[in-house]
Amino acid sequence: MPFLLLFFTVFSLAKGNTKNDWELWKKENYERALTSPTSFLNAYSLSQTEKGNSLYLVIDNSRHNTKWVTAKPKKFYMDAEHLGEKIRVKKQGKTIGYLFDQPNKRRKKVELPNGAIAEIVYGKRSQKLWTYLYDPEQIKQFTGFRFYEFNPQAIVKGSLKVHPPRFVSYKTVQGDATQVNQVGNVSFHLMGQDFYLPAYNWQKKGEKITYVALVFSDNTAGLETYPGGRELVVDTPAGLHQNQELTLDFNRAMNFFCAHSPFWHCPVGLQKKLEVKVNAGEMLPERKIVN
């Protein structure tokens, strides 16, 4: 999946549109969230700074009292310095690596003596220094993902109108300004009404487009689903074609990670409102682990 600055796109692996296919899709797409020590469900802190500044990690016996700070303290375990084109990461005064705006060079994770995990990130789009803290034990508080019952009526056909990719600007909940390619529009008939949604894609320029993402909200938003909307990813392994027929399975509509945790970079303003209740897909959790 794309990196955290747009961490909400999830690629479906299970094919088919039966209830059994849907159950397999849920298992595949949510497995990392339920098993990884650095799952978004385990994050409990986010700090950020810009070029010329540093962040300092102060450790406490309590994981949740461990924190990154901007003012240099007398004693700290790690620090990350934003040098502009790179970020220098030091542990106990010794450089342990540099981060760059290059694939596989943007992130570094360090397990701390108290069991927490620190992650330092070079922000690809905003060129910020981001630091996260994870408590691998936090997942034990999670009460589970919630979904509507499988709804066959939420599986419909859509027609893709392709146009040359154009950048659409938007902001994230963290206040970053960024862009996404809109590659077309998808029209469809759902719950007795006709709709269309912009088709977005976050792949790199020049890459073959292998999916489109539909970002929407509906009349369940803020009540049963995430107020900021949901995302439906539709695979297009053969690329995009004019008037292409797509199967839209809204049982696979997902909340953005911000529905569970405040530390992610979910979009603001991309979602288009569908004036209908889409009683399919992911619902709000019973409660957030971190408020």
Side-chain angles (χ1 to χ4, degrees), residues 1-2 6-34 40-41 144-160 170 173 180 182 184-202 210-236 245-261 264-286:
M1 63 180 64
L6 276 176
F7 206 47
F8 49 84
T9 300
V10 178
F11 297 98
S12 60
L13 302 176
K15 305 300 180 183
N17 297 101
T18 67
K19 184 175 181 179
N20 286 340
D21 297 325
W22 176 64
E23 295 289 355
L24 178 59
W25 170 85
K26 288 193 293 182
K27 180 179 179 181
E28 291 173 334
N29 278 276
Y30 289 86
E31 182 177 11
R32 183 181 181 278
L34 295 170
F40 63 88
L41 295 171
F145 295 103
R146 293 203 308 150
F147 297 86
Y148 291 99
E149 292 294 325
F150 181 75
N151 184 355
Q153 293 183 337
I155 304 172
V156 299
K157 296 297 182 181
S159 178
L160 175 65
Y170 68 97
V173 295
V180 63
Q182 183 184 344
N185 295 288
V186 177
S187 57
F188 55 96
H189 188 79
L190 177 68
M191 309 296 181
Q193 297 188 45
D194 293 321
F195 299 104
Y196 83 91
L197 288 171
Y200 298 116
N201 180 275
W202 277 275
T210 57
Y211 72 90
V212 294
L214 309 181
V215 182
F216 70 95
S217 64
D218 62 272
N219 290 341
T220 68
L223 301 172
E224 298 173 344
T225 61
Y226 177 56
R230 292 185 284 171
E231 181 187 42
L232 175 63
V233 175
V234 183
D235 292 331
T236 59
E245 183 179 87
L246 301 175
T247 298
L248 311 181
D249 185 352
F250 284 88
N251 292 289
R252 304 187 185 199
M254 302 179 69
N255 289 327
F256 298 123
F257 290 178
C258 298
H260 301 278
S261 171
W264 306 106
H265 305 258
C266 308
V268 176
L270 280 187
Q271 47 273 58
K272 179 178 172 61
K273 180 72 176 290
L274 305 181
E275 292 294 347
V276 68
K277 282 189 174 183
V278 182
N279 296 315
E282 188 182 354
M283 303 175 70
L284 283 171
E286 289 185 5

Assign the ring pair Trp22 / Phe150 to parallel, tilted or perpendicular, where the plane angle (0 to 90°) is split at 30° and 60°.
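Correct class here is tilted.
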Mind checking whether Phe257 and Trp264 have parallel, tilted or perpendicular rings, split at 30° and 60°?
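Phe257 vs Trp264 ring planes: perpendicular.
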Take Glu282 and Tyr30 through the test side chain to side chain donor-acceptor pair (under 3.5 Å) and record every step on the way to the result.
CA-CA 11 Å; Glu282 188 182 354; Tyr30 289 86; 2.8 Å; yes
Sub-4.5 Å side-chain heavy-atom contact between [X] and [Y]:
X      : Y      : value
Asn201 : Tyr211 : yes
Thr225 : Asn255 : yes
Val268 : Val173 : yes
Asn151 : Met191 : yes

Can you tell me how far apart [atom1] ([X]) and [atom2] ([Y]) are? Round to the nearest 0.5 Å.
X      : Y      : atom1 : atom2 : value
Leu24  : Lys19  : CG    : NZ    : 14.5 Å
Leu274 : Leu197 : CG    : CG    : 5.0 Å
Lys157 : Leu248 : NZ    : CG    : 8.5 Å
Phe195 : Glu275 : CZ    : CD    : 8.0 Å
Leu214 : Lys272 : CG    : NZ    : 12.0 Å
Asn279 : Glu224 : CG    : CD    : 6.0 Å

Checking the side chain of Arg146 only, and the main-chain atoms of Leu284 only, is there a donor and an acceptor separated by less than 3.5 Å?
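Yes, the answer is positive, given that a donor and an acceptor are paired below the 3.5 Å cut-off.
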Evaluate Phe250 against Val156 for side chain to side chain contact (heavy atoms under 4.5 Å, CB included), listing each step before the verdict.
CA-CA 8 Å; Phe250 284 88; Val156 299; 4.2 Å; yes
So which atom in [X] and which in [Y] form the shortest heavy-atom distance, rounded to 0.1 Å?
X      : Y      : value
Ala33  : Phe145 : CB-CZ, 4.1 Å
Gly229 : Phe256 : O-CD1, 3.5 Å
Ala253 : Arg230 : CB-NH1, 4.0 Å
Gln271 : Ser217 : CB-N, 4.2 Å
Gly158 : Val186 : CA-CG1, 4.1 Å
Ala280 : Asn251 : CB-OD1, 3.8 Å

Counting only heavy atoms not in [X], do more than 12 sit closer than 6.0 Å to its [atom1] atom?
X      : atom1 : result
Tyr196 : OH    : no
Glu149 : CD    : no
Lys273 : NZ    : yes
Gln153 : CD    : no

Apply side chain to side chain contact (heavy atoms under 4.5 Å, CB included) to residues Val278 and Tyr148 and explain how you reach the verdict.
CA-CA 10 Å; Val278 182; Tyr148 291 99; over 6 Å; no
Indicate whether any N or O donor in one side chain lies under 3.5 Å from an N or O acceptor in the other, for Tyr200 and Glu231.
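No pair is found: no donor N or O on one side chain lies under 3.5 Å from an acceptor on the other.
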Apply side chain to side chain donor-acceptor pair (under 3.5 Å) to the pair Thr220 and Asp218, showing each step before the final yes or no.
CA-CA 5 Å; Thr220 68; Asp218 62 272; 2.7 Å; yes
Checking Asn29 against Arg252 for the side chain to side chain contact (heavy atoms under 4.5 Å, CB included) test, could you report, in this order, the C-alpha distance in whole Å, the side-chain angles of both residues, the deciding distance, and whether it holds?
CA-CA 10 Å; Asn29 278 276; Arg252 304 187 185 199; over 6 Å; no
Go through the steps for Val212 and Leu246 under the test side chain to side chain contact (heavy atoms under 4.5 Å, CB included), then give the verdict.
CA-CA 10 Å; Val212 294; Leu246 301 175; 4.1 Å; yes
